[in-house]
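Let me begin by presenting the structure, written as structure tokens, before commenting on it.
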2 protein chains.
Amino acid sequence: MTNVTTAATDPGEPPAPGPARRARGEQTRQLILETALRLFRERGYAETTMRAIAKEAGVAVGNAYYYFDSKEHLIQGFYDRNQAAHRASAEQVLADEKDFAARLRGVLHAGIDVNAPYHSFAATFFKTAAEPSSPLSPFSRESSPARDASIAIFRDVIEGSSAKLDPELRKELPELLWLGWMGVILFWVYDKSPEQRRTRRLIDGAVPLIDRLVSLSRLRVLRPALRQILALIETVRRDD
Amino acid sequence: MTNVTTAATDPGEPPAPGPARRARGEQTRQLILETALRLFRERGYAETTMRAIAKEAGVAVGNAYYYFDSKEHLIQGFYDRNQAAHRASAEQVLADEKDFAARLRGVLHAGIDVNAPYHSFAATFFKTAAEPSSPLSPFSRESSPARDASIAIFRDVIEGSSAKLDPELRKELPELLWLGWMGVILFWVYDKSPEQRRTRRLIDGAVPLIDRLVSLSRLRVLRPALRQILALIETVRRDD
DNA sequence: CACATAGCTTGAACGCGTTCAAGTTGATGT
DNA sequence: ACATCAACTTGAACGCGTTCAAGCTATGTG
């Protein structure tokens, strides 16, 4: 039952320590998070118990719950870390390359590179992220900073590129590419081929296709279809 | 034959009773399933305990585990039931209508109609279904009968219609439409608008679009793009 | 220096899903 | 009639995530 009202006390973040009281809490918080992520990597998510995390970190099990609402909330740390790594990795690609297709391809592969070491338990993470009510859902309000950061990468892909495209489409494309990226991640999570080669092939195949479709979008015959797509996005976005 | 290759003992289905031994087991199985689905509907999935199901059904908790591998496996019953209901509902639409767009639209709305009463806890179901290793995943081997049945609906949508389309595309389209249907379901699960109106709008907007794209696919300028799409599907399907 | 107090820590206890050794039941072969 | 044995049923017990009343600790204040 925890709480039902939307507000109530909200841990999860350091419970608002005073101005400069003690940094000790933050230290414990980090210790627990580091230990948890290490054990997740070593043993997997489901196989790592909260008791084991506490024991390994040398604290009581209740202490972990003082800093994190639940076992799932420990995943948010993983999330944030990988997001930052993707950003950094993407920036390198974007600095070197001007061609739209090459930029998109580089950014997508970089994203997979960053996540690859965690493929075996990304599935479990994904499970908890998939629940719409979960704060870890990529569509949730709590995730919106991470989501915006991710969409920003795709905006950079477009804006720094030499591609010419319809202004209306240009406005929507970053979010569409992000949505496509979510699809790639979904595919990757389910990908059981060695080293997730199918996902690599999906990227290599889909990028030229997107590139071609984006170019074709300026064709006169396709103009109505494009308008129709943009109208659909608009219609669906209205949330009433 | 319930189990296939990898099998050790495989419950989940009635444990292969002899030719005409006892129908008693099947009765108990049904009783447990009915009770579980009723309680899920009344209280929600997470709030329904296995103990409560057993108590309400008048059996021991261990007995539920004789017929169902886990609490999640009870959901398969829900799955199968809704699949059958969708099929039945779709057939009515398909009997009356010859136009491709109208057929597709009718089938999609029928699918949502069937699931609508369960929207509030479909989210929880979805969570467990999303885990790739889960037998409930729509992509899992265990789900392949249900998946094939669902794809068959979309094959009927195409085959009974007056639409003319590229033979190669025709071959792939049922599966593509099914994939799109999974996307609609995903959207629906996350849809918080009253009575999931956004999902209805998504269907109403996407169907004419698909109809248009399918028609356009016979255009000469789009021929290479279509080929490219089909080649991508082929490449990605190879699982090595 | 002592005290009050906010920040932090504890671990027993709860209810959950799940397991399993031990039972019961009834159709079948003799 | 009896024995057999696979099918079915039982419920105590296990380990898990999570909660919470109680305790500890260091700092700002009198």
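Values reported hereafter were calculated over all heavy atoms of this structure, with side chains retained and with hydrogens, waters and symmetry mates removed. Lettering of chains follows the sequences in order, A, B, ..., and the numbering in each one begins at 1. Here the structure is a predicted model, which is why all the values come from computation and not from measurement.
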Original post:
Taking atom C1' of D:dT9 as reference, at what distance in whole Å does atom CD of B:Gln27 sit?
Top reply: 15 Å
**OP:** Please confirm whether A:Lys71 makes a cation-pi placement over A:Tyr45, using NZ or CZ under 6.0 Å from the six-membered ring centre and within 45° of the ring normal.
**Re:** yes
Original post:
Does the side chain of B:Asp204 pick up a donor-acceptor pair with the side chain of B:His109 at under 3.5 Å?
Top reply: yes
Subject >> From CG (A:Asp191) to CG (A:Leu186), nearest 0.5 Å >> reply: 11.0 Å
**OP:** Starting from C1' on D:dT9, measure out to CZ on B:Arg29 and report it in whole angstrom.
**Re:** 16 Å
**OP:** Nearest whole angstrom, please: distance from the P of D:dG17 to the OH of A:Tyr67.
**Re:** 20 Å
Original post:
Which whole-number value in Å describes the distance from B:Lys55 NZ to D:dG11 P?
Top reply: 12 Å
**OP:** Check the pair B:His86, B:Ser89 against side chain to side chain donor-acceptor pair (under 3.5 Å), reporting the backbone distance first and the verdict last.
**Re:** CA-CA 5 Å; B:His86 188 193; B:Ser89 186; over 6 Å; no
Subject >> Value in whole Å for how far the P atom of D:dC14 lies from CE of B:Met50 >> reply: 20 Å
Subject >> Residue A:Lys71, side-chain atoms from C-beta onward, closest of D:dC16, C:dC8, D:dT18 >> reply: D:dT18
**OP:** Provide, to the nearest angstrom, the distance between the CG atom belonging to A:Leu39 and the C1' atom belonging to D:dG17.
**Re:** 16 Å
Original post:
Considering heavy-atom distances to DNA chain D, does A:Gly62 or B:Gly62 have its closest nucleotide positioned more toward the 5' end?
Top reply: B:Gly62
Original post:
Does a nitrogen or oxygen in the side chain of A:Thr28 sit under 4.0 Å from OP1 or OP2 of C:dT9?
Top reply: yes
Original post:
Taking for each residue the nucleotide of DNA chain D with the nearest heavy atom, is it B:Gly58 or A:Glu47 whose nucleotide lies nearer the 5' end?
Top reply: B:Gly58
Original post:
Could you state the CZ-P distance from B:Phe68 to D:dC8, rounded to the nearest angstrom?
Top reply: 13 Å
Original post:
Quick one: which of C:dT9, D:dG17, D:dG11 gets closest to the side chain of B:Ala60?
Top reply: D:dG11
Subject >> Candidate nucleotides D:dT18, D:dA7, C:dT10, ranked by approach to the side chain of A:Val61 - the nearest >> reply: D:dT18
Original post:
Taking N and O atoms by type only, does the side chain of A:Arg51 place a donor or acceptor under 3.5 Å from a partner on the base of D:dG17?
Top reply: yes
Subject >> A:Tyr65, nearest nucleotide to its side chain (from C:dT10, C:dT18, D:dT18) >> reply: D:dT18
Original post:
Rounded to the Å, how far apart are A:His73 NE2 and D:dG17 P?
Top reply: 16 Å
Original post:
Out of C:dG7, D:dT10, D:dA7, which nucleotide sits closest to the side chain of A:Tyr66?
Top reply: C:dG7
Original post:
Can you tell me how far the CD1 atom of A:Ile32 sits from the OH atom of A:Tyr66, to the nearest 0.5 Å?
Top reply: 11.0 Å
